[in-house]
Visitor: 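Before we start, here is the structure in question, set down as structure tokens.
Quick note: numbers below take in every heavy atom, side chains included, and nothing from hydrogens, waters or symmetry partners. In this text, all values refer to a predicted model and were calculated from it rather than measured experimentally. So that the names make sense, note that chain A is the first sequence line, chain B the second, and so on, each numbered from 1.
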Amino acid sequence: MPGLTKYWHVLNIGVQNSLTYRFNFLTRTLFGFIPLTAMLWLWRTIYEGKGADATVGTYTLAQMISYYLVVTVVDAFTAVSEDDWQIAADIKDGRISQFLLKPIDYLWFRLCLYFSGRLTYLAVAFVPVTLLILYLRHYFVLPPDGMTVAFFALSVLLTALLQFFLSYMMAMLAFWVLEVSTFIFILYAFEYIASGHMFPLDILPPVVEGALYFTPFPYQLYFPVGIYMGKVTGMELITGLVMQAGWVVLAYLLARFAWHRGIKRYAAAGG
Amino acid sequence: MNRKHQDYSTAAGQGQEAGGLASSRLAKLGRYAGIYAALWKNSVTRETMFKGNFLLWIVVELLWFGLQLGFIGVLYLHTDAIGTWTKWEVVLLVGASQFIQQIYQAFFLINCANLSELIRTGKLDFLLMLPVNTRFVVSLRQVDLGGFVNASSALAVMLYAARQLQLVPTVGTVFAFLGLCAAGILIHYSLMFMLATISFWTVKAQGIVFGYYNLFQIARMPDEAFRGMYKAVFTFVLPMLLVSNVPVRLLADKLESHGALLLLLGMAAACAVVSEWVWRLSVRRYTSASN
């Protein structure tokens, strides 16, 4: 499969690139854990204030802590770190011109770099995440059965693709505007709260939670975590996965479409 | 002449004019004020060049601020208190913490983040040559005017929360509050500047500087949520739990003792001293990148 080997090389280069600035990478990873630990403390204090056996929504303290830990794991597997900035910079600085000449597809190229970024991050984050889970093992709930784990894995993969295609689509804005970072941050704000990063979505009033399911946000994080926690089962699980796959396909098509339109403009502007 | 010479030796030079005449100090202050006014003018010109972008950044900050408040709203759907902190007290805390962060951002953030770039490109040479204190220019080169707009929205939220709490602080309390906020800003600045000086040792420190953003998240949480080692670290090593909690406690009449006030002021002074020491050490180590 010579067509695929080139992408294997891209993956390889990506890993090496991320490791160039090891110290930087490690510090950032460790800093990233601070908000998580603070959040766990905050919830612990809230539960203590409510008395023993208290629940928030349907969550016991153990379930709440597990929720944030699983969010961290899913996030480690799927979060887009700098891919969108880099893609936007490639467009702005004209570095994509070379891809128009080479037999390599820019979207797949970037997808490989995204996966290699995740691989290196996982390698670095593995130790602290594992230590944290071990430290909180009394609070950490395991998934109900093997099937759940399999569905969880499938959903995490779909989440990764959805995250990437959405970021790619946002980065395509660089064809039209000079500064894409504001737009990326605005989307990120919505993702942060509506994907369940800050708190589980089912502690929201039901109307709000229901409305969120009309957006792709819950499928960017909350849905796979829900599967793991055994909150989504049976028919709901299947329709959820179909919806998630639907969002992936839609995001992919939009990403392709935006690139296509952008390139036309790019060629015209570049002369 | 003598003074000029001292200025050229920069980093270690300024501010050590021990026992100098009051009038010469005043003249010096006037000179720095003049320089700073020129830097402001530059920044204003720069911002007016990209108006759309300027407004969009304000939208971004507002959105994130709203998000924090939304989170508090959701939390208090399920609980009446975090420790002894009630809903509007926490809103006051989130507002104050946003206020402190935004004022800090207006004056210092871009400059701290740019230090690594100055070192990487060798532009620091040029700043070291200027006849002013290098830390002064490096720290205050650019002003982020959006920060003031965002600080005012934080202020509005604080006023609303204070009304909900039926707080009627005296003028003295308000000034004391602002003074404590200034101490908090000094802590943020000293710590982040120290982080930025890491770029004298490793090339790509910009990411590390933005890593500091994670600490802001602790600063807006009620101190009572934390205990043990965790609380100790974020009080005595990285005093995030003092920065906005102490001023708000003063304002909301929640202070358990006056020790907390002294602790915040003491930690601010300590951070400033350590940060200056690290800076001097780092500049001594600087070998230009331009050769």
Visitor: Got a sec, which residues hit side-chain contact (heavy atoms from CB on, under 4.5 Å) with S275(B), two or more places apart in sequence or on another chain?
Guide: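 For S275(B), the residues satisfying side-chain contact (heavy atoms from CB on, under 4.5 Å) (neighbours in sequence not counted) are R135(B), S190(B), F193(B), M194(B).
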
Visitor: Applying a criterion of heavy atom separation less than 4.5 Å, what residues of residues 84-106 of chain B form contacts with chain A?
Guide: none

Visitor: Could you state the interatomic distance from CD (E48(A)) to CD (E224(B)), rounded to the nearest 0.5 Å?
Guide: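 Taking CD in E48(A) and CD in E224(B), the distance rounds to 12.0 Å.
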
Visitor: Flag the pair M221(B) / M39(A) as yes when at least one side-chain heavy-atom distance between them is below 4.5 Å, and no otherwise.
Guide: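 The answer is yes, as the side chains (C-beta and beyond) meet within the 4.5 Å cut-off.
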
Visitor: Which pair of heavy atoms, one from W41(A) and one from A225(B), lies closest together, and at what distance?
Guide: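 Between these two residues, the closest heavy atoms are CE3-O, 3.4 Å.
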
Visitor: At a heavy-atom separation under 4.5 Å, does Y188(A) approach chain B through its side chain, its backbone, both, or neither?
Guide: both

Visitor: Which atom names give the shortest non-hydrogen contact between T45(A) and G83(B), and what distance separates them?
Guide: CG2-N, 3.9 Å

Visitor: Quick check: do W64(B) and Y192(A) have side-chain heavy atoms less than 4.5 Å from each other?
Guide: yes

Visitor: If you count every heavy atom of other residues, nucleotides or ligands that lies below 6.0 Å from F77(A) atom CZ, does the total exceed 12?
Guide: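 Atom CZ in F77(A) is not packed in, count stays at 12 or less.
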
Visitor: If you define the side chain from C-beta out and look only at heavy atoms, does anything of V59(B) sit under 4.5 Å from T182(A)?
Guide: no

Visitor: Any residues in residues 67-78 of chain B near chain A, with a heavy-atom distance under 4.5 Å, and which are they?
Guide: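 Hits under 4.5 Å: L67(B), Q68(B), F71(B), V74(B), L75(B), L77(B), H78(B).
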
Visitor: Please state whether the side chain, the backbone, both or neither of F234(B) comes within less than 4.5 Å of a heavy atom of chain A.
Guide: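 The side chain, not the backbone.
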
Visitor: Closest approach of N214(B) and I34(A), non-hydrogen atoms and distance?
Guide: O-CG2, 4.3 Å

Visitor: Using a cut-off of 6.0 Å, state whether more than 12 heavy atoms not belonging to Y160(B) lie near its atom OH.
Guide: no

Visitor: With a sphere of 6.0 Å drawn around CH2 of W176(A), does it hold more than 12 non-hydrogen atoms of other residues, nucleotides or ligands?
Guide: yes

Visitor: More than 12 foreign heavy atoms under 6.0 Å from CG of D80(B): is that the case here?
Guide: no

Visitor: With a 4.5 Å limit on heavy-atom distance, are the side chains of L56(B) and F185(A) in contact?
Guide: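 No - every pair of side-chain heavy atoms lies 4.5 Å or more apart.
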
Visitor: Tell me which of these, V208(A), I193(A), V177(A), L42(A), has more heavy-atom pairs under 4.5 Å with chain B than the rest.
Guide: L42(A)

Visitor: Just to verify, what does T55(A) make a side-chain contact (heavy atoms from CB on, under 4.5 Å) with, not counting sequence neighbours?
Guide: T60(A)

Visitor: NZ of K123(B): more than 12 outside heavy atoms within 6.0 angstrom?
Guide: no

Visitor: Check this for me: R261(A), atom CZ, are more than 12 non-hydrogen atoms of other residues, nucleotides or ligands nearer than 6.0 Å?
Guide: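 For R261(A), atom CZ is not crowded (no more than 12 foreign heavy atoms under 6.0 Å).
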
